[in-house]
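Step one of this worksheet: look at the structure below.
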Amino acid sequence: MEYAFSAIEKKWKQYWQQQQVYKVDNDTSKPKFYILDMFPYPSGAGLHVGHPLGYIASDIYARYKRQRGYNVLHPMGFDAFGLPAEQYALETGQHPAVTTEKNIARYREQLDNIGFCYDWDRQVRTSDPQYYKWTQWIFLQLFHSWYDRKQNKARPISELVAVFEKEGNNNHICPDDAQFCFDAKAWKSMPEKERRETLMRYRLAYQGYAEVWWCEALGTVLANDEVVNGVSERGGYPVIRKQMRQWFLRITEYAERLLTSLETLDWTDAMKEMQRNWIGKSNGAEVRFEVDGMVDTHITVFTTRPDTIFGVDFMVLAPEHDLVETLTTPEQKHEIEEYKKYVQSRSERERMAEVKQVTGCFTGATVTHPFNKRKIPVWISEYVLAGYGTGAIMAVPSGDDRDHAFAKHFEIPITNIFGNNYNEQEAYTEKIGTLENSGFLNGIEIAKAGDIAIRAIEDAGIGKAKVNYKLRDAGFSRQRYWGEPFPIIYIKGMPYSIDEAELNAHPALQQLPVELPLVENYKPGPEGEGPLANVQEWVDTHAGMRETNTMPGYAGSSWYFLRYMDPHNNDTFASRNATDYWREVDIYIGGTEHAVGHLLYSRMWTKALYDLGHIGFEEPFKKLVNQGMIQGSSRFAYRVNGENKFVSKGLAAQFDTTAVRVDVNFVNGTELNIEAFKNWRPEYADAEFVLEDGKYICGAEVEKMSKSKYNVVNPDDIVAQYGADTFRMYEMFLGPIDISKPWDTKGIEGVHRFLKKMWRLYFDEQKGWIVTDDAPTEAELRIIHKTIKKVGEDIERFSFNTSVAQFMICVNELSALNCHKRTILEALSVIIASFAPHIAEELWHQFSHETTVLDAPFPKYEEQYIAENTKKYPVAVNGKTRVEMEFPLDIEESILQQEVLADATIQKWMDGKEHKKFIYVKGKMINVVV
RNA sequence: GCCCUGGUGGUGGAAUUGGUAGACGCGCAGGACUUAAAAUCCUGUAUGCAGCAAUGCGUGUGCGGGUUCAAGUCCCGCCCGGGGCACCA
């Protein structure tokens, strides 16, 4: 009997489906385990072999955990809203709902083909109204909440109203403006509009203003992705930054908690570090500088180096800073206007990245130094960003690289506060040494001067110590169609949530979900509004006008892990019973490209839901496993310039050639299938080929796997040719899960051969089933128990490539021993079930079992079979291994030392010298130092 | 530019805690079976030098330094590739 993988895999896929083997129950006494993949965006290109890498890993782990006795939740769904579907709709007129549906169906088919153990009953799709109903609901929770800095948690906005009525806002300073104060009387006398505006300044989901890329020619707002080299990707039209009213999430209120609770997470240090850097906590001071010649006007800067305050030689404001207009003198007005126009065309990235090119403009204004009363000029420059700190800095050229470059470029005199440490060529940025030229800080060590400076600043009443976060509030509006509509209606320009009584709306209007209306076209609305603005009958309600923005991609993905726990619940996003049972995700697998965005937002939403009492835990993902990319291996043919002639790689150097991409599916290894290539495109049909050794050899290069590079390999093709089990094991065998590596279809043969070889332990081509009940030998027990141990440990640490290698070693050794014994082979079928579920299920049932191998307990290894009592030690002289000697593990060191020193080879290398040191690491090695 | 990450044979990678570098697989070379092929099996395969050979000696984990009895692994300085940088998902 041959290993007929196609028939076997088809059979067991049907069995699993019929028996509902993957159905997961919420009611069980078993301990839970929740393992989750980052759900995919279903793109039109379908899955390529790179996508399932993480899914296979999590599938193995999920099956393994189930064999270990856990109730395992391992769901899958689709991140179905997004820009690509909308762009496709713009180009083809096909509705995103239709193309998304089609793409999901294709993804589903491809995923099923690989044999994953997902409980598809629990599938979620972010674009499903029954799903986004709850995304909108969570948005409303955020809208109806504020962050209490005293209690350090989100609270209902109604409680804030009660506080305002009693005592005004004295105890709860306004998050976006500490100066904004009112008492109870003032609150009560506010008109409703003003009260709502005030509350808006506290809400966790609030409206503010932000800049977007505006493309006049296309009449639309563009994503960063759609802007390439300062022009629109489509059409190459000019773009500028434009202020727009937007929704935001006040994630900054959570900065400190997001930072400190990182400690509790089992994530890689790199991940945590990236999140820390993104949050960007820094300690420093806010300092006010009075503007000369103006009453009550000052520039507030944030500095992390208050110790350098006497080195200030100029001030720099962000070009967008509110004060720029007020400060600019009539003589400088024109120049400042021109400069601001230039900055409008620049992305934040460009502004930060190009440090070599110094630009800026003098406002004509000066401020007075608070301590030494020097007059300090005020500039604007693109290197200061409006969104960070106060949008203004005190520039200390002797102590900061960019300030130094700026001063040199504009020939602003530099004050040296570091004495000999500053060499006039570059800034001195170390915090070692003492200060000079620094008034009351003279002679003080730099490291200690900061605190002294802050005290002086506070005593003088011109500023205070301040913790600053780089983290900014998250923009939550998109001027797009294919996203969640906001449950918001405007009355006289004032936003109300649909559940508010003030709306005086018909109950039907107050229901969730607010469904996305069907539209005819996807063109943007007027004034940079999204396509929804064109749908008059939807926008106009008897209560007021609907919000026409939609929510961003991360809205639906910020909480989807909760919905899987209770996906069909119509009363709430997930029952408290369900969330209390499953709690946080035990292992979350996905790429590092989500290191900050998705993971940070998700963490914030979880904390907010926790604060408001909806769930009982405040971190979504306990352990995070990063997966690398599988890259494509592109193939190239070499066309002789000016001719329709291709020369094989080895000969290309002799001609003047251009490398042309060849679809990898026409290439076997590096040998080109010339006929397939000729049929690919008409222009190649009668091309001429110059071969070497009768073959056309292609060049190869490792790149991202993508359609445009013709290096995409479809898992369906691989599964058809080798089977899902081979595919799964090969993906794992390629290398560590977190490392990027290129796909090479050729290498899969080895894994396929391995499965066939394993099959032959159970089946003989002529005799069929050849498993016997004979008692196993010590050697056989040793190999299977070693494998049980190694594979179990490797799965636990996500080292699947080494498990596959161990399976190979195991099968190689059992084959060499001619082992066909039940005790050994039954165990093997169980431990390989998580990697190669189809073949394992077939073998398991051949042993007359009636239930799935998934419910067979993972066997325990027994130390007695594995333990060795001797060890072949490498013996080194001065660190160089010279000979191998075998000793019992429990030998006494003195005896071992005697024997080693008496060895002829060792004596030869000791060259008659006495040994200085004798190093013996039990079970590892021996080293003689002379 | 900034943050994170990786670099080991022809090739994917192994070496889990500082302890025999190259497990396992691919490729390649040689062989067995076969009329032939496929499939399967066996042997060899980091590199230089010496040797008919067994083997011996040296070199070797991106580059340059350092710590250590011992470094792919730790430290310092560089080079190159990948991911992210707030509206791609």
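Everything numeric in this text was worked out from a predicted model, so none of it was measured. Letters go in sequence order (proteins before strands), and every chain restarts at 1.
At a cut-off of 3.5 angstrom, counting only N and O atoms as typed in the model, there is a donor on one side and an acceptor on the other between the side-chain of A:K790 and the base of B:rU16. Counting distance only, with no hydrogens placed and no angle test, the side-chain atoms of A:Q479 and the base atoms of B:rC87 include a donor-acceptor pair under 3.5 Å. Residue side chain A:N927 reaches the base of B:rC69 through a donor-acceptor N/O pair under 3.5 Å, judged by distance alone. Judged by distance alone with a 3.5 Å cut-off, no donor-acceptor contact links the side chain of A:E593 to the base of B:rC85.
Distance check on atom P: B:rA32 versus B:rA38 gives 15 Å, rounded to whole Å. B:rG81 and B:rA86 have their C1' atoms separated by 25 Å, given to the nearest Å.
Note on A:H594: a base of the nucleic acid sits closer than 4.0 angstrom, heavy atoms only. No contact: A:N626 has no heavy atom under 4.0 Å from any strand. Counting non-hydrogen atoms under 4.0 angstrom, A:W213 reaches nothing in the nucleic acid. Contacts of A:S43 with the nucleic acid, taken as non-hydrogen atoms under 4.0 Å apart, are absent. Residue contacts shown for A:A595 are absent, as no nucleic acid heavy atom lies under 4.0 Å away. At the heavy-atom level, A:W214 lies nowhere under 4.0 Å from the strands shown. A:L600 comes within 4.0 angstrom of nothing in the nucleic acid, heavy atoms only. When heavy atoms are screened at a 4.0 angstrom cut-off, A:P736 is found touching the sugar-phosphate backbone but no base atom. Backbone-only contact: A:G82 has heavy atoms under 4.0 Å from sugar-phosphate atoms and none from a base. A:I919 comes within contact range of at least one nucleobase, with a heavy-atom separation under 4.0 Å. Using a 4.0 Å heavy-atom criterion, one finds that A:Q246 contacts the bases of the nucleic acid, with or without backbone contacts as well. As judged by a 4.0 angstrom heavy-atom cut-off over every strand, A:V212 is placed among the base-contacting residues. Among the protein residues, A:R480 comes within range of no part of the nucleic acid, since none of its heavy atoms lies under 4.0 Å from any strand. No engagement by A:Q631 is indicated, since no non-hydrogen atom pair under 4.0 Å with the nucleic acid exists.
Considering only side-chain N and O atoms, A:N801 lies nowhere under 4.0 angstrom from the phosphate OP1 or OP2 of B:rG12. For A:R478 and B:rC87, the shortest distance from a side-chain N or O to OP1 or OP2 is below 4.0 Å. Residue A:R760 places at least one side-chain N or O closer than 4.0 Å to OP1 or OP2 of B:rC41. For A:R882, a side-chain nitrogen or oxygen approaches OP1 or OP2 of B:rG58 to under 4.0 Å. Close to B:rC85, at under 4.0 Å from its OP1 or OP2, lies no side-chain N or O of A:N224. One finds a side-chain N or O of A:R753 lying less than 4.0 angstrom from the OP1 or OP2 phosphate oxygen of B:rC26. Side-chain nitrogen and oxygen atoms of A:K470 include none within less than 4.0 Å of the OP1 or OP2 phosphate oxygen of B:rC85. At the phosphate of B:rC26, neither OP1 nor OP2 sits under 4.0 Å from any side-chain N or O atom of A:K746. One finds a side-chain N or O of A:K880 lying less than 4.0 angstrom from the OP1 or OP2 phosphate oxygen of B:rU59. Contact between the side-chain N/O atoms of A:W247 and the OP1/OP2 oxygens of B:rC87 is not found at any separation under 4.0 Å.
Side-chain N/O atoms of A:T548 and A:E529 include a donor and acceptor closer than 3.5 Å. Defined by atom type and a distance below 3.5 Å, a donor-acceptor pair is missing between the side-chain atoms of A:S633 and A:W743. Between the side chains of A:E593 and A:H598, not a single donor N or O lies within less than 3.5 Å of an accepting N or O.
The base-pairing partner of B:rG6, taking Watson-Crick or G-U wobble contacts with both distances under 3.5 Å, is B:rC80. Shown here, B:rC57 forms a base pair with B:rG48; the pair counts as Watson-Crick or G-U wobble because both key distances fall under 3.5 Å. Nucleotide B:rC85 forms a pair with B:rG1, judged by Watson-Crick or G-U wobble geometry with both contacts under 3.5 Å. As the counterpart of B:rA39, no nucleotide is assigned, since no Watson-Crick or G-U wobble pattern has both distances under 3.5 Å. For B:rC33, there is no paired base (Watson-Crick or G-U wobble, both distances below 3.5 Å). Taking a pair to require two hydrogen-bonding distances under 3.5 Å in either a Watson-Crick or a G-U wobble arrangement, B:rC24 pairs with B:rG12.
With a glycosidic angle more than 90° from 0, B:rG82 adopts the anti conformation.
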Worked check of side-chain hydrogen bond (donor to acceptor under 3.5 Å, both in side chains) between A:W247 and A:N549 = CA-CA 9 Å; A:W247 286 97; A:N549 282 314; over 6 Å; no
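Of the residues near RNA chain B, A:L734 and A:D473, the one whose nearest nucleotide (by heavy atom distance) lies more toward the 5' end is A:L734. When the nearest nucleotides of RNA chain B are assigned to A:G879 and A:K872 by heavy-atom distance, the more 5′-ward of the two goes with A:K872.
Residues A:Y132 and A:F81 bring their aromatic ring centres within 6.0 Å. A:F727 and A:Y722 have their aromatic ring centers separated by at least 6.0 angstrom.
In this structure, A:F39 and A:Y560 have parallel ring planes: the angle between them is below the 30° cut-off, well short of the 60° mark.
With hydrogens and angles disregarded, a donor-acceptor distance shorter than 3.5 Å links the side chain of A:Q275 to the backbone of A:A595.
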